[in-house]
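Each chain gets a letter, A, B and so on, in the order the sequences are listed, and its residues count up from 1.
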Amino acid sequence: MNLRRLWAIVIKELRQLRRDRVTLAMIAGIPVMQLVLFGYAINLNLRHLPTAIVDEAQTSASRQLAMDMLATDIIRPAAHATTAEDVMALIHRGEISVGIVIPRDFERRLARGEPVAQVLVDGSDTVVQSAAAQLAQLPLTTPATERDRASIPLPRAPISVVSFYNPQRVSAINIVPGLIGIILTMTMVMFTSVAIVRERERGNMELLIATPVSRSELMLGKVLPYGIIGLVQTTLILLLGMWLFGVPVRGSAIDVYWAALLLILANLSLGLLISTRAQSQFQAMQMTFFVFLPSILLSGFMFPFEGMPLPAKWIAEILPLTHFLRLIRGIMLRGADLHELWPEVLALLAFITLMMTLAISRFSKRLD
Amino acid sequence: MASEEAAVIARGLTKVFGDLVAVNAVDLRIDKRQVYGFLGPNGSGKSTTIRMLCGLLTPSGGNIDVLGMEIPRQAEALRRRIGYMTQHFSLFGDLTVRENLEFLAAVQGLAAAPARRRVAELLEEFHFSGMERQLAATLSGGQKQRLALAGSIVHGPELLFLDEPTSAVDPESRRDFWEKLFELADAGTTILVSSHYMDEAERCHRLAILDRGTLVADGTPAELTGSLEGRTIAVEAQQPRRAKATVLGLPGVISAAQIGNSLRILCESGDGIEERLSRALEEAGLQARLTAARPTLEDVFVAVTTHRAPGETAKTP
Ligand SMILES: Nc1ncnc2c1ncn2[C@@H]1O[C@H](COP(=O)(O)OP(=O)(O)OP(=O)(O)O)[C@@H](O)[C@H]1O
Ligand SMILES: [Mg+2]
């Protein structure tokens with residue numbers, strides 16, 4: 001490993017990158033676009049969601065509750081239903097997004113401080129879900145509690161939200177840390193895999209391999225500049241996430257960057273491995289998506305990891321994004337530190353070592 | 001079989017791609033300080049041979065000794081001592097002229113200060129002063145090739161492989177280019193250069209002609225043309241096109257090329273061919289004057305690369 005040669009390659013990559021407007025635009029554009037799209041889609045305060053209300057109690061208090069809910073403007077009555085089963089069928093058919101069921105024993109529940117009503121939502125639509133969550137926050141029980149403040153304990157969760165199809169209740173806060181992982185997985189693998197294949201396509205590779213430059217210099221020289229770019233993207237997402245959505249960083253920021261760096265290196269080395277196999281930029285892109293899709297679907301970003309069948313879990317354990325998500329959610333949302341999450345760190349380090357070794361050994365300084 | 005005086009020795013060099021024998025048992029010897037020409041039609045295996053000699057392709061058979069090193073086993077050590085200019089432009093189009101040379105200097109292991117001096121020297125010597133900040137992709141074809149040559153000698157290699165270095169260069173610049181090559185050769189560099197130009201071939205100290213992967217001629221330009229003595233005949237005729245049709249049907253005629261109002265005929269051997277030609281032309285009722293012509297390298301090229309199955313008539317080059 002000759003540092004001067006390594007440095008020459010890094011400088012060359014950065015100079016080329018500076019002149020590559022499309023890639024430059026993607027470096028900033030992909031994070032901003034994804035964050036805004038995902039984040040706002042989830043955070044939108046929706047109004048007038050089609051709703052069916054079933055009031056089985058038919059007391060004045062229960063009617064008051066239903067009126068208060070309608071008064072929020074979040075929901076509007078859209079269908080008639082008389083039982084909870086009706087409501088579920090309506091949600092199932094997509095005719096309503098929200099169903100509100102006030103049970104027969106409403107008054108008794110109110111007295112005991114149990115949940116007094118159920119808001120059933122179509123959880124497959126995260127927009128609806130967050131709107132319904134707002135609904136459940138309403139101080140609906142206030143009139144009831146005022147009546148007899150001394151004897152009735154305030155229910156802790158006055159209205160329980162049962163969401164179908166998305167039991168994890170993904171929200172912007174949950175999404176942003178995951179998005180760091182998604183964006184880094186998408187851009188990092190793509191950049192490196194294409195970077196080497198492009199040189200092969202343009203004929204630069206024949207020149208490069210005829211020089212004394214070593215395989216590891218060539219590989220590391222590609223990884224380092226993109227690693228820096230990955231950290232820039234991480235910063236961009238974090239800042240936007242905090243600014244737009246108030247996403248907390250409960251753990252240390254340094255730990256967040258370490259976790260991001262691990263994922264970046266894992267993806268870059270995977271990209272390099274792809275580039276040693278792909279014959280064209282198109283093939284490199286295809287192989288990138290071959291990795292990207294399972295990452296999105298199986299890593300726990302979209303669907304809860306716990307609910308997946310065993311083989312899917314095994315595949316997920318191989319993917320760097322799975323481990324990163326556990327790390328980043330732990331650090332950002334639970335305030336954990338990197339040491340507590342050592343198995344994930346170890347898994348990522350093992351992945352990086354394996355991929356880098358494979359990439360360097362599979363890269364040949366020959367044309368055949 | 002390393003020798004003090006040979007830069008390259010190859011024996012039985014063979015490369016097979018699937019069913020195609022791209023290079024077939026080629027023996028080569030290139031002496032030091034020589035400018036060695038590599039000729040052959042498209043697809044004859046020139047680039048493939050050069051790539052094997054630089055250790056970029058693994059031979060299917062044969063031995064290679066370059067600068068006393070066994071290739072491909074010692075290819076890595078060889079890379080510091082050779083320069084290779086690829087057939088297609090392989091510098092970075094999105095780097096400037098200067099950045100390309102800087103990159104190559106660093107990659108070739110020059111320390112910072114010598115690298116700066118060397119780049120300045122090359123920019124000057126290759127007439128890039130004033131365009132050093134131009135992106136390589138925007139250079140003209142000839143300028144690109146000049147830059148590629150400069151790039152291949154950044155580290156002062158002992159041996160230079162140039163694969164069709166002048167394919168996009170105008171005649172004037174081609175002369176300059178060759179001046180450069182001879183300067184390098186005088187300074188002790190051995191040069192292997194492939195080309196399609198006969199005037200360039202004439203300038204080489206020694207030549208090899210490849211055809212369909214086989215070495216079909218090897219020698220100095222004088223030796224090669226000398227072997228054709230008596231086999232080239234010029235025909236001055238009133239109706240050159242008809243004369244050409246007539247002579248092409250004759251056994252022993254390899255090719256007939258029309259040059260203005262005369263024909264240049266290449267034959268398989270010189271024995272009595274002149275009489276047979278003039279008889280045939282007379283019988284066809286054509287007035288013609290035959291004279292012996294001095295063989296050129298083009299004749300050599302045509303003679304060794306024209307294929308005729310037995311009984312088939314000659315082709316027009
Ligand atoms: N990587 C490869 N795979 C398969 N066939 C190849 C490969 N490289 C070269 N060939 C074939 O080998 C033969 C020789 O090719 P080569 O490039 O050496 O010819 P050349 O003499 O340099 O031709 P030109 O004058 O057109 O540059 C050609 O038929 C070519 O198609
Ligand atoms: Mg060629």
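- Contacts between A/Arg19 and chain B at a heavy-atom distance below 4.5 Å involve the side chain alone, from C-beta outward.
- No side-chain heavy atom of B/Phe89 sits less than 4.5 Å from a side-chain heavy atom of A/Leu207.
- In this structure, chain A has heavy atoms under 4.5 Å from both the backbone and the side chain of B/Ala112.
- Across all their heavy atoms, A/Lys365 and B/Leu56 have their closest contact at O-CD2, 4.2 Å.
- Contact check for B/Leu95 versus A/Lys12: side-chain heavy atoms found under the 4.5 Å cut-off.
- The contact list for residues 210-220 of chain A toward chain B, using heavy atoms and a distance under 4.5 Å, reads A/Ala210, A/Thr211, A/Pro212, A/Val213 by residue number.
- The number of heavy atoms from other shown groups lying within 6.0 Å of CZ (A/Phe282) does not exceed 12.
- By the 6.0 Å contact criterion, CE on B/Met69 is enclosed, its count of non-hydrogen atoms from other residues, nucleotides or ligands being greater than 12.
- Only the side chain of B/Glu76 comes within less than 4.5 Å of a heavy atom in chain A; its backbone stays farther off.
- Within 6.0 Å of CG on A/Leu14 lie more than 12 heavy atoms contributed by other residues, nucleotides or ligands.
- Only the side chain of B/Leu104 comes within contact range of chain A, judged by heavy atoms closer than 4.5 Å.
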Does A/Glu199 form a side-chain contact (heavy atoms from CB on, under 4.5 Å) with B/Phe92? I'd like the steps, not just the answer. CA-CA 9 Å; A/Glu199 301 207 315; B/Phe92 300 92; 3.3 Å; yes
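- Within the 4.5 Å cutoff, no side-chain heavy atoms of B/Tyr84 are placed close to those of A/Ile209.
- When all heavy atoms are compared, the tightest approach of B/Ala75 to A/Arg366 is CB-NH2, 4.3 Å.
- Most heavy-atom pairs under 4.5 Å with chain A: of the set B/Glu99, B/Met85, B/Arg51, this distinction falls to B/Glu99.
- At a 4.5 Å heavy-atom cutoff, A/Leu6 makes no contact with chain B through either its backbone or its side chain.
- Interface check for chain A: of the options B/Ala148, B/Cys54, B/Gly109, B/Ala111, the most heavy-atom pairs under 4.5 Å are formed by B/Ala111.
- Smallest separation of non-hydrogen atoms from B/Ala106 and A/Arg5: O-CG, 3.4 Å.
- Listed options A/Leu367, A/Ile11, A/Ile9, A/Asn204 were ranked by heavy-atom pairs under 4.5 angstrom with chain B; first place goes to A/Asn204.
- In this structure, the side chains of A/Arg15 and B/Phe103 stay at 4.5 Å or more apart for every pair of heavy atoms.
- Within the 4.5 angstrom heavy-atom criterion, no atom of B/Ser152 approaches chain A.
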Mind running salt bridge (Lys or Arg N to Asp or Glu O under 4.0 Å) on A/Arg198 and B/Asp94 for me, showing each step along the way? CA-CA 12 Å; A/Arg198 191 174 50 203; B/Asp94 46 3; 5.8 Å; no
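- Residue A/Asn2 does not touch chain B at all, counting heavy-atom pairs closer than 4.5 Å.
- Checking side-chain atoms of A/Arg202 against main-chain N and O of B/Leu91 turns up no donor-acceptor pair under 3.5 Å.
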